[in-house]
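Worksheet for the structure shown next.
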Amino acid sequence: MYERLHAHFGARDWWPGDSPFEIMVGAILTQNTNWKNVERAIDNLKRVGLLSLSAMSELSQDLLAEYIRPAGYYNIKAGRLRNFFHFINKEWDGDLDSFLQQPAAALREQLLSIKGIGPETADSMVLYAAGQPIFVVDAYTHRILIRHEIIDESFGYHEIQELFMDNLEEDTLLFNEYHALIVQVGKVYCKKSKPDCSHCPLAGLNGVERQQ
DNA sequence: CACCAGGCAAGTA
DNA sequence: TACTTGCATGGT
């Protein structure tokens, strides 16, 4: 699966961001949201020089919500961002780098304890901000594996994650590329209601031919 | 016009 | 435990 995807799409420059902090903010903003809208929100913050932990920590929730408005769910996400800032400031004295240098398991556990950060957001942060090898599972991953009859609907987030991590080298770059490629093939060929399996590089995988 | 996008939390059965 | 709903904008 990885080889087919990589041959078809090539390397992805995935999860752009100039800093771990920017990547983590993006990870919260992109929840159920198109990345282009997240970029508008992040650009708003950059334009006024507020894209830092110290600066954003000072903003009121309402003002923060205004800046991130284009990302949608702005009131909810402003609260979630503030929960995240509060944790780093309170538990790590605002030292994000030290926080990210912990082992992946400890990092993940603490991220999940923050209200507003679920499994996918936490794992995205561990992989793309901390650079540690953990596999990110998303809705596309779930849908693609079901359509190719590799799993059934009973598989949850953790089971899918184990499926990949038990069968792959623990390699940050591989996990980074793989997740990016899954999102790409999902966006282009494996949409919810308009799958285009005829040109999909995964057609015929696992012996399942050109299903609709 | 309808549907969806790089989810999560809270509420309900 | 397992669904369902609210959150909300911008693109296709």
Side-chain angles (χ1 to χ4, degrees), chain A residues 1-2 5 9 11-17 20-45 61-87 108-131 134-147 151-161 164 172 174-196 202 212:
Chain A
M1 182 165 161
Y2 176 78
L5 291 175
F9 291 109
R12 316 293 310 148
D13 185 20
W14 183 241
W15 217 297
F21 178 73
E22 180 175 337
I23 289 170
M24 296 174 93
V25 169
I28 291 174
L29 292 181
T30 199
Q31 290 166 357
N32 205 39
T33 299
N34 188 298
W35 183 256
K36 277 190 179 174
N37 296 337
V38 175
E39 282 187 316
R40 295 167 181 272
I42 288 185
D43 284 347
N44 284 345
L45 293 163
Q61 181 161 335
D62 288 348
L63 185 53
L64 177 56
E66 280 309 305
Y67 285 115
I68 65 171
R69 174 185 285 273
Y73 303 92
Y74 50 84
N75 288 316
I76 295 287
K77 287 174 180 176
R80 292 178 178 179
L81 284 170
R82 282 164 61 81
N83 292 341
F84 165 55
F85 303 152
H86 180 79
F87 178 85
R108 186 176 200 275
E109 186 179 6
Q110 289 170 75
L111 286 169
L112 287 176
S113 76
I114 301 168
K115 197 170 289 186
I117 297 181
E120 184 181 344
T121 304
D123 288 336
S124 297
M125 289 176 171
V126 173
L127 179 62
Y128 292 99
I134 198 157
F135 201 91
V136 178
V137 176
D138 72 336
Y140 288 125
T141 315
H142 189 76
R143 187 186 312 149
I144 288 168
L145 293 182
I146 286 176
R147 290 194 178 166
I151 63 169
D152 58 56
E153 288 84 353
S154 72
F155 274 59
Y157 187 98
H158 191 62
E159 292 170 282
I160 296 174
Q161 184 174 53
F164 284 92
T172 297
L174 172 65
F175 291 175
N176 180 322
E177 278 298 315
Y178 207 158
H179 174 61
L181 288 165
I182 285 174
V183 172
Q184 185 68 27
V185 76
K187 276 205 276 208
V188 179
Y189 297 110
C190 207
K191 299 182 176 186
K192 226 182 224 172
S193 45
K194 261 178 56 178
D196 176 17
L202 296 180
Q212 61 157 355

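Just so we're on the same page: letters track the sequence lines, and every chain starts at 1. Predicted, not measured: the structure shown is a model, and the values here were computed from it.
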* A:Leu29 CG to B:dG7 P, straight-line distance once rounded to whole Å -> 12 Å
* Asked: Just to confirm, is there a sub-4.0 Å distance from OP1 or OP2 of B:dA10 to any side-chain nitrogen or oxygen of A:Lys115?
  -> yes
* Taking for each residue the nucleotide of DNA chain C with the nearest heavy atom, is it A:Pro70 or A:Lys191 whose nucleotide lies nearer the 5' end? -> A:Pro70
* **Residues from residues 180-189 of chain A lying under 4.0 Å of DNA chain B - heavy atoms** => A:Val183, A:Lys187
* For A:Tyr140 and B:dA5, is the shortest distance between a side-chain N/O and OP1 or OP2 below 4.0 Å? -> yes
* Under the salt bridge (charged side-chain N to carboxylate O under 4.0 Å, His left out) rule, what do A:Glu66 and A:Arg69 come out as? Steps first, then yes or no, please. => CA-CA 5 Å; A:Glu66 280 309 305; A:Arg69 174 185 285 273; 3.2 Å; yes
* Asked: Nearest to the side chain of A:Ile76 - B:dA5, B:dG7, C:dC7?
  -> C:dC7
* To do: State which residues pass side chain to side chain contact (heavy atoms under 4.5 Å, CB included) with A:Ala78; sequence neighbours excluded, sorted by chain then number.
  => A:Gln61, A:Leu64, A:Ala65, A:Ile68
* Rounded to the nearest 0.5 Å, what's the gap from CZ on A:Arg82 to CD1 on A:Ile28? Could you check? => 12.5 Å
* Please confirm whether the backbone N or O of A:Leu111 pairs with a side-chain atom of A:Ser113, one donor and one acceptor, at under 3.5 Å? => no
* Please work out which residues in residues 120-130 of chain A have a non-hydrogen atom less than 4.0 Å from an atom of DNA chain B and list them by number. => A:Glu120, A:Thr121
* At under 4.0 Å between heavy atoms, what does A:Arg80 touch on the DNA or RNA strands: base, sugar-phosphate, or nothing? -> base
* **Separation of B:dG7 P from A:Asn75 CG (nearest whole Å)** => 20 Å
* To do: Classify the nucleic acid contact of A:Ile28 as base, sugar-phosphate or nothing, counting any heavy atom under 4.0 Å across all strands shown.
  => nothing
* **C:dC7 to B:dC1 separation - C1' atoms, rounded to the nearest Å** => 22 Å
